[in-house]
Amino acid sequence: MRKLLFESIVKNPLTEPPPSENAAALAELAANLDRAARHRLGRSLSIREVDAGSCNGCELEIHALNNVFYDLERLGLRFVASPRHADVLLVTGPVTKNMREALERTYNATPDPKWVIAVGDCAVDGGMFAGSYAVTGGISAVIPVDLHIRGCPPTPLQLLEGLIAVLTADKRLGP
Ligand code: SF4
């Protein structure tokens, strides 16, 4: 015990280096996203995350958007607890049979205009879980999808790029 205490005093703390992502590129992406959200919606963007049956690998990357490095709330981008407050559904998959109805109800509870982004390879077509007795398929087998972000899992920067792509490409609200 004494040895441990001594080592904790003389040694540097064990930490991991920060992500190698370019901080300037991150700031630019986040600012573009905030601008696009305000242009389309007149306010910041609210995101409801839905886990339709993923392994939670995609969730770890989505959670990273809220950590001190990405810290997206400072730009007005926020995750909300209810689909009734959401503009975007960020859905990870595959859709398990147990989650199918919950996903449909979440989609129906989200007010228009809304966007659905399917996150991860499993969300496209079931990925490595395709064909399982417990899986319905990809997200688009259950609800309409505006954008797929591939990756296993996709990085936080890819998630940001996807959010920008959806907000800038969608024509339902006009230019
Ligand atoms: S895409 Fe990869 S990380 Fe995401 S749910 Fe599927 S297996 Fe997990």
Side-chain angles (χ1 to χ4, degrees), residues 14-23 25-26 29-30 32-34 36-37 45-73 75 77-110 114-170:
L14 280 176
T15 58
E16 292 184 2
S20 60
E21 315 281 20
N22 182 327
L26 170 62
L29 268 179
N32 286 346
L33 179 56
D34 187 46
L45 189 74
S46 299
I47 303 166
R48 169 68 176 155
E49 204 275 336
V50 184
D51 178 352
S54 89
C55 75
N56 276 356
C58 286
E59 271 66 31
L60 289 176
E61 300 303 316
I62 292 171
H63 291 171
L65 291 172
N66 271 333
N67 70 20
V68 289
F69 183 75
Y70 295 98
D71 191 17
L72 291 188
E73 284 232 4
L75 297 162
L77 192 91
R78 63 199 180 105
F79 287 88
V80 292
S82 166
R84 298 188 194 285
H85 303 154
D87 308 302
V88 170
L89 294 180
L90 208 56
V91 190
T92 59
V95 185
T96 60
K97 292 190 173 159
N98 282 349
M99 277 298 292
R100 179 182 185 129
E101 184 184 343
L103 181 59
E104 286 171 337
R105 289 170 68 170
T106 299
Y107 179 80
N108 292 334
T110 309
K114 58 190 166 194
W115 295 269
V116 176
I117 303 179
V119 174
D121 289 345
C122 293
V124 177
D125 57 6
M128 66 174 69
F129 303 106
S132 162
Y133 69 92
V135 163
T136 299
I139 309 301
S140 58
V142 179
I143 58 174
V145 172
D146 297 289
L147 179 75
H148 288 101
I149 303 177
R150 286 188 173 271
C152 183
T155 65
L157 279 188
Q158 287 175 306
L159 295 170
L160 275 179
E161 285 168 351
L163 286 165
I164 292 173
V166 160
L167 279 175
T168 53
D170 192 280

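Each ligand, and each atom within it, is numbered from 1 in the order the structure gives. Basis for what follows: all heavy atoms, side chains included, without hydrogens, waters or symmetry-related copies. Please read all numbers here as calculations on a predicted model, not as lab measurements.
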Novice: With heavy atoms of Gly57 as the reference, note each atom of ligand 1 found under 4.0 Å away.
Specialist: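 By the 4.0 Å cutoff, the relevant atoms are 3 (S).
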Novice: Say you draw a straight line from CH2 of Trp115 to CG of Asp87; how long is it, rounded to the nearest 0.5 Å?
Specialist: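 One finds 6.0 Å between CH2 of Trp115 and CG of Asp87.
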Novice: Measure from atom 8 (Fe) of ligand 1 to each N, O or S atom of Cys122 and report whether any distance is below 2.8 Å.
Specialist: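 Checking Cys122: none of its N, O or S atoms is under 2.8 Å.
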Novice: Could you report the tightest heavy-atom contact between Ile47 and Ala86, atom names first, then the distance?
Specialist: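 Minimum heavy-atom contact is C-CB, 4.5 Å.
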Novice: State if Gly93 counts as touching ligand 1 under the rule of any non-hydrogen atom under 4.0 Å.
Specialist: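 Contact check Gly93 vs ligand 1: positive.
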Novice: Quick check on Pro154 - does any of its heavy atoms sit under 4.0 Å from an atom of ligand 1?
Specialist: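 Pro154 does not count as a contact of ligand 1 under the 4.0 Å cut-off.
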Novice: Can you tell me if, anywhere in Cys58, an N/O/S atom lies at a distance from atom 4 (Fe) of ligand 1 that is smaller than 2.8 Å?
Specialist: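 Yes, within the cut-off.
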Novice: For Glu61 and Thr155, which I'm curious about, is there any donor-acceptor pair between the side chains at under 3.5 Å?
Specialist: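 No pair is found: no donor N or O on one side chain lies under 3.5 Å from an acceptor on the other.
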Novice: Identify the closest protein heavy atom to atom 2 (Fe) of ligand 1: which residue and atom is it, and at what distance?
Specialist: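 Here the closest protein heavy atom is Cys152 SG, 2.3 Å.
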Novice: Check ligand 1 against Cys55 and write out every atom of the ligand that is under 4.0 Å from a heavy-atom position of the residue.
Specialist: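 Heavy-atom distances to Cys55 below 4.0 Å select 3 (S), 5 (S), 7 (S), 8 (Fe).
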Novice: Locate the shortest heavy-atom distance separating Arg100 from Ala141; write the atom from each residue and the value.
Specialist: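 Reported closest heavy-atom pair: NH2-O, 3.8 Å.
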Novice: For residues Ile139 and Thr92, report the shortest heavy-atom separation together with the two atoms involved.
Specialist: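 Residues Ile139 and Thr92, closest heavy atoms: CD1-O, 4.0 Å.
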Novice: Taking only heavy atoms of Asp121 into account, list the atoms of ligand 1 that are under 4.0 Å away from them.
Specialist: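 Those qualifying, in numeric order: 1 (S).
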Novice: Does any N or O in the side chain of Lys114 come within less than 3.5 Å of the main-chain N or O of Leu89, such that one atom is a donor and the other an acceptor?
Specialist: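 No, Lys114 side chain to Leu89 backbone: no donor-acceptor pair under 3.5 Å.
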Novice: Does some non-hydrogen atom of Thr92 fall short of 4.0 Å from ligand 1?
Specialist: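 Under 4.0 Å: no for Thr92.
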Novice: Please report the shortest heavy-atom distance between Met99 and Ala52, naming the atom on each side.
Specialist: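 Met99 and Ala52 have their closest heavy atoms at CB-O, 3.3 Å.
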Novice: Of all the atoms in ligand 1, which lie at a distance below 4.0 Å from a heavy atom belonging to Gly151?
Specialist: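 Close to Gly151: 1 (S).
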